[in-house]
Amino acid sequence: MPVFTLFGCNAGSCHGAAAGRGGFKLSLYGGDPRADHRAIVRQLEGRWINLASPDDSLLLAEPTFALDHGGGLRYEADSEAAGLLRDWIARGPERARADDWSGSRSLPTGTSASRRA
């Protein structure tokens, strides 16, 4: 959730809107991480993530603008943000630990938020 919040993906003007955007809805500013996890892992029959090839996940392709994204480029494909999401997908998001929902996790120290819309 910190990546989505940092880049505005779960803001009210984007996927955090009451109806979401582009068929994808997240809770406003990560307020319901379990619902967000379900949306990412299960929505569209799991098409947001590709466990066999994390780099081909829609969750990475759209915000890096490898595929058309109504919100434009959010971060570069080789950025730390993309790397965090890629690692999470590769780890297997179904195996999330209980502390993943604690709300205490954040981006690593020194993560920059260079955002382009």
Side-chain angles (χ1 to χ4, degrees):
M1 289 304 99
V3 171
F4 298 133
T5 302
L6 182 66
F7 292 96
C9 307
N10 58 10
S13 61
C14 202
H15 299 291
R21 290 279 187 269
F24 186 48
K25 181 181 180 343
L26 295 170
S27 65
L28 186 62
Y29 300 116
D32 189 348
R34 290 174 195 228
D36 293 338
H37 184 269
R38 271 192 311 276
I40 294 165
V41 175
R42 305 231 183 244
Q43 189 176 355
L44 293 177
E45 298 176 1
R47 286 185 30 214
W48 289 110
I49 59 170
N50 184 335
L51 295 174
S53 180
D55 286 325
D56 295 327
S57 297
L58 286 176
L59 195 65
L60 290 170
E62 289 194 9
T64 60
F65 220 55
L67 290 176
D68 186 38
H69 178 239
L73 177 69
R74 305 314 294 170
Y75 42 83
E76 301 291 337
D78 62 353
S79 68
E80 186 174 11
L84 287 169
L85 290 174
R86 185 179 302 106
D87 291 348
W88 179 74
I89 295 166
R91 189 175 84 221
E94 284 293 348
R95 294 186 293 273
R97 299 181 322 265
D99 65 341
D100 285 344
W101 309 116
S102 70
S104 63
R105 297 179 59 147
S106 60
L107 291 172
T109 304
T111 299
S112 62
S114 144
R115 193 176 3 162
R116 297 191 329 205

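Computed from heavy atoms alone, side chains included, the values below leave out hydrogens, waters and symmetry copies.
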Colleague: Given 3.5 Å as the limit, does a donor-acceptor pair link the side chain of Ser79 with the main chain of Glu76, or not?
Modeller: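 Yes; at least one donor-acceptor contact below 3.5 Å.
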Colleague: Assigning hydrophobic clusters by single linkage (Ile, Leu, Val, Met, Phe, Trp, Tyr; side-chain heavy-atom cutoff under 4.5 Å), is Leu84 placed with Trp48?
Modeller: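 Cluster IDs for Leu84 and Trp48 match.
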Colleague: Give the cluster check for Leu6 versus Phe24: same hydrophobic cluster or not, with ILVMFWY residues linked at side-chain heavy-atom distances below 4.5 Å.
Modeller: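 Yes.
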Colleague: Which pair of non-hydrogen atoms, one from Gly8 and one from Cys14, has the smallest distance, and what is that distance?
Modeller: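 Heavy-atom minimum between the residues: O-CB, 3.5 Å.
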Colleague: Any non-hydrogen side-chain atom of Asn50 less than 4.5 Å from a side-chain atom of Ile89?
Modeller: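 In short, these two side chains do not touch, never coming nearer than 4.5 Å.
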Colleague: At what distance, to the nearest 0.5 angstrom, does CG of Leu51 lie from CD1 of Ile49?
Modeller: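 Reported value, rounded in 0.5 Å steps: 4.5 Å.
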Colleague: Which residue pairs satisfy the salt bridge (charged side-chain N to carboxylate O under 4.0 Å, His left out) criterion with at least one member in residues 51-61, sequence neighbours excluded?
Modeller: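 Found Asp55-Arg86.
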Colleague: Measure across Gly12 and Ala17 and return the closest heavy-atom pair with its distance rounded to 0.1 Å.
Modeller: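 Scanning both residues completely, I find the closest heavy atoms to be O-CB, 3.1 Å.
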Colleague: Hey, are the side chains of Asn10 and Leu28 touching, using non-hydrogen atoms and a 4.5 Å cut-off?
Modeller: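 They are not in side-chain contact.
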Colleague: Could you name each residue pair satisfying side-chain hydrogen bond (donor to acceptor under 3.5 Å, both in side chains) that touches residues 11-32, not counting sequence neighbours?
Modeller: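 Residue pairs passing side-chain hydrogen bond (donor to acceptor under 3.5 Å, both in side chains), neighbours aside: Ser27-Asp36.
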Colleague: About how many Å separate OG1 of Thr5 and CG of Leu26, when rounded to the nearest 0.5 Å?
Modeller: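 So the gap between those two atoms works out to 9.0 Å.
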Colleague: Could you check whether the rings of Trp88 and His37 sit parallel, tilted or perpendicular, using 30° and 60° as the cut-offs?
Modeller: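 Correct class here is perpendicular.
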Colleague: Examine distances only and state if a side-chain atom of Ser57 and a backbone atom of Leu60 form a donor-acceptor pair shorter than 3.5 Å.
Modeller: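 Absent.
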